[in-house]
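Reading through the C-alpha cells given below for one structure.
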Amino acid sequence: MFIDQLFNGLSVGSILLLIAIGLAITFGLMGVINMAHGELMMVGAYTTYVIQQLFAQYAPQSAGMYFVIAVPSSFLIAALLGWGLEKSLIRHLYRRPLDSLLATWGVSLILQQTARLIFGAPNVAVVPPSWLDGGIRLFGAVFPYKRLFILCLVLVIVFFLYMYLTKTRAGRRIQAVTMNRPMAACLGIATPKVDAYSFAIGSGLAGVAGCALTLLGPIGPTIGTYYIVDAFMVVILGGVGKLAGTLLGAFGLGLISTFVEYSTSATIAKVIVFVLIIAFLQWKPSGLLSLRTRSLD
Amino acid sequence: MNKRWEYWLFFAALFLAPFYLTEFRLSLLGKFLCFAIVAVGISLIWGYTGILSLGHGVYFGLGAYCMAMYLKLEASRGHLPDFMEWSGVRELPWFWKPFAHPIVAIIAAIVLPTLLAALLSYLTFKNRIQGVYFSLLSQAVVVVFVTLFIGKQEWTGGTNGLTNFSTVFGFSLSSPLTQIVLYWLTAAVLALIFVMTRRLTTGRLGKVLIAIRDAENRVRFLGFNPTVYKVFVYSLSAAFAGVAGALFVLQVGLISPEMMGIIPSIEMVLWAAVGGRHSLMGAIIGAIVMNTAKSFLSENYPDLWLLFLGALFVVVVLFVPKGLAGIYESLAAVRIKGKRGHEREARVDVS
C-alpha cells in the first residue's frame, strides 16, 4: 500500500511539475501571473483529442501512434498561443502582477468559453493508445504504464529544460534576465525577445501537461481550473526563479496530498494540505529555494 | 470639489426605490446592494491598501451560511433540517445548535468571516508575504471551503446548499412587506458602511493605507507596523462581506457553494475594478452596473456572458484602470478646466 501511494504521489507531482514550471518561469522572469496557464493546458488536451480523432478517422491501422504526434503538436500549438498572448497582452503588464492576474483571468474565461462553443460543454474522452494499457507488477504493487509513461516524459522534459537553461546560450539569456533585467539589457540581451520565447516555452510545457492528462481521464473546458490553483501552490512552496525549487515543491505537494488523502478523505485532505502550506510558509516565507536578492521591494 | 449632494441624491434614490420599482426589480436591486457592500470592502483593501483578495466569496458565503442555518432551523420547526434526514443524520450536530437563536446567527455571520480573515492575513502578512502570493493563497482558501462545503453534505446541504426557508423572526419571507423591510435594511447597512469607510479612508488611517499601497517598506521605516493595518482592513472588509452574505440569503432565500466559488470571488473584484477601485462610490456603482448587465446578458445570451466578462477584465485592466469613477472624474476635470479657460479668455477680453 505504501508503495502504491508513493507512486501515486510521484505521478500527481509530475503533472503538477509540468504545469508549474511554466508559471515559475514567467513569474520569475517577468513578474506576471498567468491565470490563463490552465487554459493553455486545456488547449494541449484538446489538441490531443483532435489528433486522436483524425487518426481514428483517416489512419485507423496506426491509431495507437497518434500519441507520438500529439505530444509535440500540443507543445507547438500551446506555445504559439502563448507567444501570441505575450505579444498582444502580457508585455503591457510587466511588473504589474496584480493587474496581469486579472487580465489573464479574463483571457482564461474567453478561452474556456471558446472551447465550450467549439467542443461542447460535456467532457470528451480520449482513447489512450493501446500500447499504454496494463502495467508492471513490482513489490506487490501495480504500476500502470500510463502513469509510468507520464513520469518518464516529465523527467525527460525536466532534464532537457535543465540542459537548455544552463548549457545553451538562449537558456542562459533567460537566466540572466531573471536575475537582473537592467544589467542583462545593458549587456546587449534583447529582453523583449527573451520574454516572448520563454513565455512560449512555458505555455508549450502546459500544453504537454494537457496532452499527458488525456491519458488519465476525460477532459473538459474547465480542466485548467482544477489544476491551476495547485500549480500556484507549487510555485509558492518551491520559490521563484529556480527550477530545483519548483521540482521539490511539485513532488512535495503531490506526495503530501496523496498521503493525506489516503489516510483521511479527499475533502478533509484539501483542508489539511492548505493548513500545512500556511504552516510551512511560517517557516520559509519565500518558499524552499529562491533567488537571493538584496533588493527590498 | 464637494460631492456630498451627489451622495445624498444617490442614497435618497435607493431608499425611495420601493415606490418606483416593481417587486421583481426591487428584489434584484436588493441583491445588488448586498454585492455593493462587498464591493466597498474590496475597494477598501484593494484600491486603498493594495491587497488583492480573491477569497471574498468565502467570507460572503460564511456570513450567508450562518444566517441560512438559523433560517433553516426556524423553517424546520424543531425537527431535523430535511437534507440531514436524507443523508441519514439522526441528531442535530453540536455546531448547528447555537444557530437556533437569531442573535447568535447574526453575530456569527460577522464574527466568523472576520476571524478567518484575521487568521489568514495575520499568518501571511506577518511573514511579509505580499502581493500575488497573498492573492493566490486567498484563492486557495476558496477551493478549500468549496470542497469542504460540498463534501460535508450531511452538515451543509452539499451542492444544493441551504434553501426552502419560510420565516424570519416569525415574519413570512415571501410577503412583499418583509421584502421591502429587508431591502430598506440592506440600503441602510450599505449607507452606514459607506459613511464609515469614507470616514476611515479620508482620515489619518486612510493616508497610512494609501502609503502602504504605494511603498510599504517606507511606511515600515517611518515606524508604522504595516501588518497591523493590513490585518485590520482585511478583516474589516471580510466582516462587510459577511454582513452582505447574511442580507443576501435573507432576500434571495438560497446559498450554495457555487455562490462562493472561484468565479464569484473574482467577479467581486471586477465590480470594484469596473466602478473604480480607488473610489468607494465607484465600487458601489460598479457592483450595481455589473450585476444589472449580468442579469440582462446571462438571461438573454448565456453563451456571450462569459466572453463578455473575460473581455471586460482585459479591457478594464489595460485601458480603464480607474474604472467608471475615473471616467467621471476626468470628465468633471475637463468641465472645470473648460470653465476656467472661459474665465481667462473673458478676462483677456476685458483687459
Side-chain angles (χ1 to χ4, degrees), chain A residues 23 27 31-33 35-36 88-89 92-93 96-114 116-117 121 221-222 225-226 228-233 235-236 240 265-275 277-279 281-287 295-297, chain B residues 46 50-52 54 119-120 123-124 126-137 139-153 215-218 220-221 261-263 266-267 269-270 273 277 302-319 321:
Chain A
L23 287 175
F27 186 56
V32 292
I33 287 286
M35 292 301 265
S88 57
L89 177 68
H92 303 292
L93 295 168
R96 285 161 60 193
L98 295 183
D99 286 346
S100 70
L101 193 159
L102 290 177
T104 51
W105 177 267
V107 174
S108 94
L109 282 184
I110 293 175
L111 288 176
Q112 270 183 33
Q113 189 59 24
T114 314
R116 214 169 276 140
L117 292 177
T222 52
T225 11
Y226 286 113
I228 193 81
V229 177
D230 281 347
F232 276 123
M233 289 302 115
V235 177
I236 290 178
V240 169
S265 71
T267 312
I268 298 296
K270 279 264 180 220
V271 181
I272 295 178
V273 169
F274 182 72
V275 171
I277 290 175
I278 295 284
L281 290 175
Q282 304 306 305
W283 172 51
K284 273 191 177 297
S286 56
S295 75
L296 200 54
D297 278 316
Chain B
W46 186 33
I51 307 169
L52 176 60
L54 303 179
L119 193 69
L120 175 75
L123 287 177
T124 42
K126 182 185 70 130
N127 293 310
R128 304 194 188 178
I129 298 171
Q130 321 161 338
V132 272
Y133 289 94
F134 180 76
S135 307
L136 296 172
L137 285 171
Q139 189 171 51
V141 175
V142 174
V143 177
V144 167
F145 269 83
V146 171
T147 329
L148 195 65
F149 273 60
I150 292 178
K152 288 286 159 202
Q153 191 174 356
E216 184 168 341
N217 281 317
R218 290 194 200 172
R220 190 170 276 128
F221 297 153
I262 293 184
I263 293 188
I266 204 159
E267 264 182 48
V269 172
L270 190 65
R277 60 182 100 150
D303 285 344
L304 282 183
W305 165 245
L306 280 178
L307 288 180
F308 172 74
L309 195 67
L312 199 63
F313 266 106
V314 179
V315 169
V316 166
V317 168
L318 280 185
F319 302 110

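Quick note on labels: first sequence line is chain A, next is B, and so on, each numbered from 1.
- Looking only at side-chain heavy atoms (C-beta outward), A:Phe27 and B:Val132 come within less than 4.5 Å of each other.
- Comparing A:Gln282, A:His92, A:Arg96 by how many heavy-atom pairs each has under 4.5 Å with chain B, the most go to A:Gln282.
- For the pair A:Leu101 and B:Leu54, the minimum side-chain heavy-atom distance is below 4.5 Å.
- Heavy-atom distances place the side chain of A:Val229, and not its backbone, under 4.5 Å from chain B.
- Only the side chain of A:Ile268 comes within less than 4.5 Å of a heavy atom in chain B; its backbone stays farther off.
- Contacts of B:Leu318 with chain A are made by side-chain atoms alone, with heavy-atom separations under 4.5 Å and no backbone atom involved.
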Intermediate values then yes/no, side-chain contact (heavy atoms from CB on, under 4.5 Å), A:Lys270 and B:Val143: CA-CA 8 Å; A:Lys270 279 264 180 220; B:Val143 177; 4.1 Å; yes

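- Side-chain atoms of B:Leu136 and A:Ile33, non-hydrogen and from C-beta on, do get closer than 4.5 Å to each other.
- Most heavy-atom pairs under 4.5 Å with chain A, from the set B:Leu120, B:Leu306, B:Ile150: that is B:Leu306.
- Heavy-atom distances place no part of B:Arg218 under 4.5 Å from chain A, backbone and side chain included.
- Of the two parts of B:Thr147, the backbone and the side chain both hold a non-hydrogen atom closer than 4.5 Å to a non-hydrogen atom of chain A.
- Most heavy-atom pairs under 4.5 Å with chain A, from the set B:Val314, B:Ile262, B:Leu270: that is B:Val314.
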Determine, stepwise, if the pair A:Phe232 / B:Tyr133 fulfils side-chain contact (heavy atoms from CB on, under 4.5 Å). CA-CA 9 Å; A:Phe232 276 123; B:Tyr133 289 94; over 6 Å; no

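- A:Gln113 places no side-chain N or O within donor-acceptor distance of the main-chain N or O of B:Leu304, the cut-off being under 3.5 Å.
- To the nearest 0.5 angstrom, A:Ile110 atom CD1 is 9.0 Å from B:Leu309 atom CG.
- Here the side chains of B:Gln139 and A:Met35 are in contact, with some heavy-atom distance below 4.5 Å.
- With a threshold of 4.5 angstrom between heavy atoms, B:Trp46 approaches chain A through side-chain atoms but not through N, CA, C or O.
- A:Leu117 has its side chain within reach of B:Leu307: a pair of non-hydrogen atoms, C-beta onward, lies under 4.5 Å apart.
- Side-chain contact check for A:Phe274 versus B:Phe145: every heavy-atom pair is 4.5 Å or farther apart.
- Between chain A and the options B:Val316, B:Thr124, B:Val141, the largest number of non-hydrogen pairs under 4.5 Å is found for B:Val141.
- When every heavy atom of A:Thr267 is checked against every heavy atom of B:Leu148, the shortest pair comes out as CG2-CA, 3.5 Å.
- Residue B:Leu137 touches chain A through both its backbone and its side chain, counting heavy-atom pairs closer than 4.5 Å.
- Residues B:Leu123 and A:Leu281 have side chains not in contact (no heavy-atom distance under 4.5 Å, counting atoms from C-beta outward).
- Proximity to chain B (any heavy atom under 4.5 Å) is shown, for A:Leu98, by both the backbone and the side chain.
- Side-chain atoms of A:Leu109 and B:Ile263, non-hydrogen and from C-beta on, do get closer than 4.5 Å to each other.
- Separating the CG atom in B:Asp303 from the CZ atom in A:Arg116 is a distance of 9.0 Å, to the nearest 0.5 Å.
- Interface residue B:Val269: only side-chain heavy atoms are found under 4.5 Å from chain A.
- Note: B:Leu52 CG to A:Leu102 CG = 5.5 Å, rounded to the nearest 0.5 Å.
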